[in-house]
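Down below is the structure, laid out as C-alpha cells.
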Amino acid sequence: MVQVKESLSKQYNQLFEIVPPAAIRAVDIKLSAVPDIIKLTLGEPDFAVPDVVKAAVKKAVDDNDSHYAPSQGTLALRQAISDYIHERLSGPVYDPESEISVTIGASEAIYDSLSALFNRGETILVPTPTFCFYQAEALRLGLKVVEINTAPSYLFTAEMFEKAIQEHPEAKGLVLNFPGNPTGVTYDEQELKDLAAAIKKTDVLVLSDEIYAELTYGQTHKSITHYIPEQTILISGLSKSHAMTGYRVGFIAGPKALMKMVGLAHSGVVTTAPGPMMAGALAALTEARDAPKAMRDIYQKRRDIVLAGLKEAGFTAPTPKGAFYIFAKIPDFLPQDDEAFVYELGEKAKVGTIPGSVFGTGGEGHIRISYATSTEKLEEAMKRVIAYAKAAKEATELSTAE
C-alpha cells in the first residue's frame, strides 16, 4: 500500500466530505457476503440484450469502428432519439444537430446537466424519496439541495411545487424522476399537466429523468416536455428499457441554447460515447423499439408476486405504475431502523433489499425491493420474507403476553 505524503493528505475537493459514498452499492456489496442470499438490491434487468442490438455492436467492431465518433453522438443515433422522444414520449421534435447529446449512460447525463446549467451555491429542488445520485452530484458541484418530502403519495404535485417556490424563491432548478425510483409511482395525464402549468409560471429549469418511460403498467408514459419543452432538459437512456446497463448509452435533449452548454460539459468529460455501443443503441431504437413490451409484461407479473408476498408478511406499499421497484413500509412488529432492518433481513431471511432512508426524506422506515430478477428467485424470496415476518410477529406476541 502506498502512503500519501502527509502534507497532501487533505489535497482533495472538500465538498466530497459531505457527500456519502454510493449507498446502494455499499449495501449491495455488504449483503453479497451473506451465503445463499437472494439479492433484490440493484435496479438491473435480468434479461438479455435483444439479438439485433448485439449483432449491431458485433458488426461495428468487425467493421473497425474504433475511432472517435462525433462528440455529441452519431447523427443517425441522434435522429433516432429525436424520433423516439416525439413518437413514444409525446415530446417535441428535437433537432438532432443541436438539441441532443449521447452520453455514457444517464448518470453522465445528470452530471453534465447539473454542471453545465447551474452555478455553485444555486438551489435545486429535489422531491424525495428519489434516486440518491441526484443529491450526491449536486452537492459535489457545490449546489444547495432542498429535499421535498412527497410521502405518502410519492407524487410531486403542483401544490407542492408552489409551496416550495414560496419557501425557496431563489430556486433555479427542479429534478423530476418518473416513473420513480424507488417508489414506482408515476403521473397520470392531468397530474402532469397541472404540475407543468405551475412550473411554467416560473423560471425554474426542470431536469426530468424519464429513463423508466418504457416500463409503465396500465398507462402510456407522457413526457413533461410535451407541456414545457422550453424549460426542460430531458434525460433518458437504454439501460432499463432494453436491459443494456453495461452498454452505458444515455442521452440528453433540450433547447438549443441550453444544450450548447450541456454539450460542452459532455465533450469535456468523455469526448464521445463509444461507436460500437452507439451502433447498438441505434438498433435498439429502430429494429428493437418494441422489445421493452415483452419485458414489461413479465415485470408486471413479478410485481404482483412481490406485492402479494409483502402483504402476507405484513408490509404495506403503493402499487407501482412503472419501473421495477416496490417501496414498502416496514410493519410495526419489525425493527423500524430501516438500515438495521435490511441487514437483519439479509442475515436471518437471506433476502437483500435497500434501506429507504438512502433515498432521502420520507424514505425512513421503508425498504426498496427491485423485482428486476427471475420469477423463481422472487417467489423464493417472498417465502423467506413471509416466514421471517411470521416468526418475528409470533415472538413479539409471545413476549407481550409474558
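Numbering of residues begins at 1 and proceeds along the displayed sequence.
- Sparse packing is recorded around CG of D203, with 12 or fewer heavy atoms of other residues, nucleotides or ligands lying under 6.0 Å away.
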Exercise. Start with the C-alpha distance between V351 and I37, add both sets of side-chain angles, then the distance that settles side-chain contact (heavy atoms from CB on, under 4.5 Å), and finish with yes or no.
Key: CA-CA 5 Å; V351 175; I37 195 168; 5.6 Å; no

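- Contact check on R384 versus E380 returns a salt bridge, with a Lys/Arg side-chain nitrogen under 4.0 Å from an Asp/Glu carboxylate oxygen.
- Taking the six-membered ring where tryptophan is involved, the planes of Y212 and Y325 are perpendicular, since the angle between them exceeds 60° and thus also 30°.
- The minimum heavy-atom distance linking A106 with S236 is given by the pair CB-O, 4.0 Å.
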Quiz item: For E364 and S357, what are the C-alpha separation, side-chain angles and deciding distance, and is it a side-chain hydrogen bond (donor to acceptor under 3.5 Å, both in side chains)?
Solution: CA-CA 4 Å; E364 303 86 354; S357 56; over 6 Å; no

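- Separation of atoms CG (L195) and CG (L176) is listed at 6.0 Å; rounding is to 0.5 Å.
- Looking at residues two or more places apart in sequence or on another chain, you find no salt bridge (charged side-chain N to carboxylate O under 4.0 Å, His left out) involving D83.
- Between E189 and K222, at least one side-chain N (NZ, or NE/NH1/NH2) sits under 4.0 Å from a carboxylate O, which counts as a salt bridge.
- The existence of a salt bridge linking D95 and K256 is excluded, since no basic side-chain nitrogen approaches an acidic carboxylate oxygen closer than 4.0 Å.
- Using a 30° and 60° split on the angle between ring planes, F324 and Y299 fall in the tilted class, from 30° to 60°.
- For P318, the side chain to side chain contact (heavy atoms under 4.5 Å, CB included) criterion is met by Y154, not counting sequence neighbours.
- Using cut-offs of 30° and 60° on the angle between ring planes, the pair F131 and Y134 is perpendicular.
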